[in-house]
2 protein chains.
Amino acid sequence: MGSIKDKVAIVGVGCTKFGERYDKGADGLLVEAVNEAIADAGIEREQIEAGWIGTYFPSSGTAGVALSDPLRLYHIPITRVENYCVTGMDAFRNACFGVASGMYDLALVAGVEKLRESGARGIPDQGDHPILGRGRSAPGSFALTATRYLHDYGLDREVLADVAVKNHRNGAQHPKAHLRKEITREQALEAPMISSPLGLYDCCPTTDGAAAAIIARPEVARQLRDDPVYVKGIGLSVWTGRPYFTAGFDYRHWPTTQNAARDAYEQAGITNPREQIDLAEVHDCFTITELLNIEDLGFAEPGTAWRLVKEGDADPDGSIPVNASGGLKSFGHPIGATGVRLIYEVTRQLQGRAEGVQVEDPEIGLCHNIGGAGGNLAAVCILGR
Amino acid sequence: MGSIKDKVAIVGVGCTKFGERYDKGADGLLVEAVNEAIADAGIEREQIEAGWIGTYFPSSGTAGVALSDPLRLYHIPITRVENYCVTGMDAFRNACFGVASGMYDLALVAGVEKLRESGARGIPDQGDHPILGRGRSAPGSFALTATRYLHDYGLDREVLADVAVKNHRNGAQHPKAHLRKEITREQALEAPMISSPLGLYDCCPTTDGAAAAIIARPEVARQLRDDPVYVKGIGLSVWTGRPYFTAGFDYRHWPTTQNAARDAYEQAGITNPREQIDLAEVHDCFTITELLNIEDLGFAEPGTAWRLVKEGDADPDGSIPVNASGGLKSFGHPIGATGVRLIYEVTRQLQGRAEGVQVEDPEIGLCHNIGGAGGNLAAVCILGR
């Protein structure tokens, strides 16, 4: 494995208001996010040489025409990427390869999902377990992880509540978050149970949204703006479609995140993530997921992530801010959009213009996206000034 | 737009027998094609650093796990690409970017589709035309093109029959073709009508199949084999999801193919395709499509492609062999597989080891893949020794 370190720079980002967007279809959300990114980059649409679009559900659009038609971006190459919940970040990764290869000077990547009008609100058919039968839902799968994690480390649900309280507090400050309200520890702990031990506030909402980024060769980027953000490393690790219930699956960590981080760190020259990374936006589809992510990314020893959250180290003014945006907890997880939104958030943080809570003067940021019900695949991208 | 000319080489290719493959699922077909490519490259599976998988129908597999699970290729990055009928070639294109970017030394690209067990055999819902209503099928759409083409150039159905006879003759010699039988002009003309003027032999069959390629940096490729094939140029052009029935749509040519060819030719230094290209595998989902392709690719003037076919110039021993493999006419069009199969065919031709009919000593070959019912998107890839 080689590297594309500093071969690609982000010159513009855009993001819709996330939420119940019954006012627009996937096409309308894409227009909103992409036009913001174009304006942010200060380019003309005609300068875009190639596009990548991330959607998971076919109902949110298939093929390159899912991007060309809404934007009237005709007669350029556009690829649709789908990679479960890593769809957005993998679309970004492939766009980066397009630029780093020398083929394109300037490219667009966008992700979108209309989750409130897709099949996502029903119980997904993810295949039947021979014993447990049908109806394995996302909360049900992640609940298995939470149960094992809490049991093995002798913890209780309060450590999950701490994640929810932090991320809701951050999200309340972000104008584009879906859920913009603080909650108390008591609210989290007393909320209706979804799939034990995960209560309502342990789960991210079901959300519509889109996000976009314009990337360029560094020489082009520096002509466009004084503060481009560079791609330092990007890793993707794919395991299996069915890690759960298979022999040897350890519900307390996911090798996919560990492998993706290892690759991205190696490319970026990160040997001590806790010290070298100034902020992280991680995939907290459930509160338990954030705890696993913190450990899998090397910010804390196994079984200790809860302490980092409880003691304020993961707060925006802490030693390793995690989800200063409010995370998926506040933004939901419109699948194709999420990975690109993470790029959006970290880019703006590194430029000192975060919406919501700005972390103090970060130089290196991490974006982390997982796919499937934990352990199926994961991507890590390191950005830097 | 830049270029990736000579930055990527093909070191191994594989392809299943195409046909009614009720004996295997998409996973089994992938194993068959990929293992052949691995053996052809003379590598160990563990050397594969990254993968790209092309599938169109979710029933043929989604996300990177569609490739990792069948092959047990775990803990590497794998991207799923979907781009209508250009899915296979766009997966190849993105894999090329991955290698050309400097990130990977050796990568796998595979495409698969189980068309006989998907929704493809029913009438697709491609959206309703306000006047013509529901049920616009692929034959129905391409029939509109055939009608206009034949009318405007004063031709009759016999020019279509000539394409069918040529491609069936070629395919009869190819051990991996779905339909391996010669037909006569009379058979073609007297066959049951599918959608006037397209009869049974004007349509490609409904087919299962998979294809794969291993690509590498040129330095790595030359260590693996004496005859790697280089990517000289690759173009993709995306237009709209609904070109048909829109004002100004010219049913006699597709700007997507023209644009994709223009880009690929520019990268490869092709200024006179008829002279410089030694063979072409083009997307003949219907006989009329091949005639349009021949013209859109610059091998013949508008309205004259039929003459090139009729007079033998497009035969394997002609001046510009088109579909020496038998084309989609003989192979069918398992969507994710087709673009990769084109790479397979042209690679083996350039290496002098074509299955079926070998063209005499070709140095430069062209692969062409279209998506949607004509005019939605198209890709062109130039390969050379």
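A 4.5 Å side-chain heavy-atom check between A:Ile38 and A:Ile48 finds at least one atom pair inside the cut-off.
Remark: side-chain polar atoms of A:Asn83 are not paired, donor with acceptor, to backbone N or O of A:Asp90 under 3.5 angstrom. Panel note: side chain A:Gln47, backbone A:Glu44; a donor-acceptor pair is recorded below 3.5 Å. Between the side chain of B:Gln258 and the main chain of B:Leu297, no donor-acceptor pair closer than 3.5 Å is present.
A donor-acceptor contact closer than 3.5 angstrom links the side chains of A:Thr55 and A:Arg80. Judged by distance alone, the side chains of B:His283 and B:Thr338 never bring a donor and an acceptor atom under 3.5 Å apart. Counting only N and O atoms by type, the side chains of B:His75 and A:Asn259 include a donor and acceptor under 3.5 Å apart.
A:Ile53 does not touch chain B: none of its heavy atoms, backbone or side chain, sits under 4.5 Å away. For chain B, the nearby parts of A:Glu82 are the backbone and the side chain; heavy atoms of each come within less than 4.5 Å. Neither the backbone nor the side chain of B:Leu106 comes within contact range of chain A; no heavy atoms are under 4.5 Å apart. With a 4.5 angstrom heavy-atom cutoff, A:Ile78 touches chain B via backbone and side-chain atoms both. Both the backbone and the side chain of A:Thr62 have a heavy atom closer than 4.5 Å to some heavy atom of chain B. For B:Asp105, no part sits under 4.5 Å from any heavy atom of chain A, backbone or side chain.
Proximity of the aromatic rings of B:Phe97 and B:Phe92 is defined here by a centroid distance below 6.0 angstrom, and this criterion is not met.
To the nearest 0.5 angstrom, A:Cys367 atom SG is 4.5 Å from A:Leu383 atom CG.
Note: B:Gly64 leads B:Gly372, B:Ala260, B:Gly64 in heavy-atom pairs under 4.5 Å with chain A. Here A:Gly98 is the residue among A:Gly98, A:Ala379, A:Gly371, A:Gly235 with the most heavy-atom pairs under 4.5 Å with chain B. With chain A as partner, the option from B:Ile4, B:Thr79, B:Asn376 having the largest number of non-hydrogen pairs under 4.5 angstrom is B:Thr79. Ranked by heavy-atom pairs shorter than 4.5 Å toward chain A, the options B:Met1, B:Arg72, B:Lys7 are led by B:Met1. Considering only heavy-atom pairs separated by less than 4.5 Å from chain A, the leading option among B:Gly2, B:Ser101, B:Ala100 is B:Ser101. Of the residues considered (B:Thr240, B:Leu67, B:Val81), B:Thr240 shows the highest number of contacts with chain A, using heavy-atom pairs under 4.5 Å. Contacts with chain B were tallied for A:Val86, A:Val65, A:Ile234, A:Val238; A:Val238 has the most, counting heavy-atom pairs under 4.5 Å.
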